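One structure below.
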Number of protein chains: 2
Amino acid sequence: MTECKQQHNPEECTKMIVPVRDALEILNGKWKLPIILSLTFGAKRFKQISKDINGITDRMLSKELKDLEVNQLVKRTVHDTFPPTVEYAITEHGKSLEKMITELRNWGLEHRKQIMGNN
Amino acid sequence: MTECKQQHNPEECTKMIVPVRDALEILNGKWKLPIILSLTFGAKRFKQISKDINGITDRMLSKELKDLEVNQLVKRTVHDTFPPTVEYAITEHGKSLEKMITELRNWGLEHRKQIMGNN
DNA sequence: CGGTATCCCCATTGATACTG
DNA sequence: CAGTATCAATGGGGATACCG
């Protein structure tokens, strides 16, 4: 933070924000977190994930899984059975999310305390 | 994480997600991060923040500052001068964001490396 | 089973103008 | 200076139907 002197160079600061944005975008939207959580308990098939997450439509599940796959957080594997089955699993890179999510969660819990306390 | 057995009790998991959501929501939107960043360099007046942040409208700045104030991350102070001046400053609680933002930033930087590497 | 294609709604944001 | 009011646009997400 200290190396970013916004008062003199706002452009520098914009650059500092970009990776933060990247991280936030990964978890953005209504369904990313539930999907990641569902998969932390092991690889699952499309329908299984769908059943785990209350209210998600096939459309959104498909879209979000694709997004996570593009970001190499989830691996999609097609098994050569009949009928074909597809399995989704968290990648090693995806597991690195856990620490960040824990940090967010801890801050969120502290924030609740703060808000509840002062009113 | 380990205490949340989604396969048996999806409701438990929803609860685990809530504080994470709270944290994400705080930084959500296009302008929260730039505003917070602008104020980390000291208290500023409305127009000063507005000038720091390229493209923000008065409407959005006003709205986002209110939001941050409600969440006790920013303190609004009206000085009894003429014409009245208003100063915004990060609160102690607001300063606790810095650690979380750093974590997000670090993950984001690692993520870039990962994505750039494997393709 | 594992998805797509279409259509629609509404919440967030932007643009612009105005005010105590 | 420090905002508010009003209206328009954009896009994320929902509902439903269909497909290989």
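The shown structure was predicted, so the numbers you read here are calculated from the model rather than taken from an experiment. Throughout, a chain's letter reflects where its sequence line sits, starting with A, and its residues are numbered from 1.
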Rounded to the nearest angstrom, tell me the gap between atom [atom1] in [X] and atom [atom2] in [N].
X       : N      : atom1 : atom2 : value
B:Lys47 : D:dC1  : NZ    : C1'   : 7 Å
B:Glu64 : C:dT13 : CD    : P     : 6 Å
A:Ile35 : C:dG3  : CD1   : C1'   : 14 Å
B:Phe46 : D:dA2  : CZ    : C1'   : 6 Å
A:Arg76 : C:dG3  : CZ    : P     : 4 Å
A:Lys30 : C:dA11 : NZ    : P     : 12 Å
B:Gln48 : D:dA2  : CD    : C1'   : 13 Å
A:Asn54 : D:dG14 : CG    : P     : 12 Å

It should be established whether [X] places a side-chain nitrogen or oxygen under 4.0 Å from OP1 or OP2 of nucleotide [N].
X       : N      : result
B:Ser50 : D:dA2  : no
B:Thr57 : C:dT13 : no
B:Lys51 : D:dC1  : no
B:Lys63 : C:dA11 : no

Look at all strands and tell whether [X] reaches a base, only sugar-phosphate, or nothing, counting heavy atoms closer than 4.0 Å.
X       : value
A:Tyr88 : sugar-phosphate
B:Thr85 : sugar-phosphate
B:Gly29 : sugar-phosphate

Report summary line: From the list B:Lys113, B:Arg105, B:Arg112, salt bridge (charged side-chain N to carboxylate O under 4.0 Å, His left out) with A:Asp22 holds only for B:Arg112
Taking [X] for the side chain and [Y] for the main chain, is one N or O donor matched with an acceptor at less than 3.5 Å?
X       : Y       : result
B:Arg76 : B:Ala89 : no
A:Ser62 : A:Asp58 : no
B:Thr91 : B:Lys75 : no

Of the listed nucleotides [options], the one nearest the side chain of [X]:
X       : options               : value
A:Arg59 : C:dA15, D:dG14, D:dG3 : D:dG14
A:Met60 : D:dG14, D:dT4, C:dT13 : D:dG14
B:Val86 : C:dG14, C:dG3, D:dG3  : D:dG3

Query - Side-chain touch B:Asn71/B:His93, heavy atoms, less than 4.5 angstrom - result: no
**Report entry** Of A:Asp58 and A:Trp31, the one whose closest DNA chain D nucleotide lies more 5'
**Finding:** A:Trp31
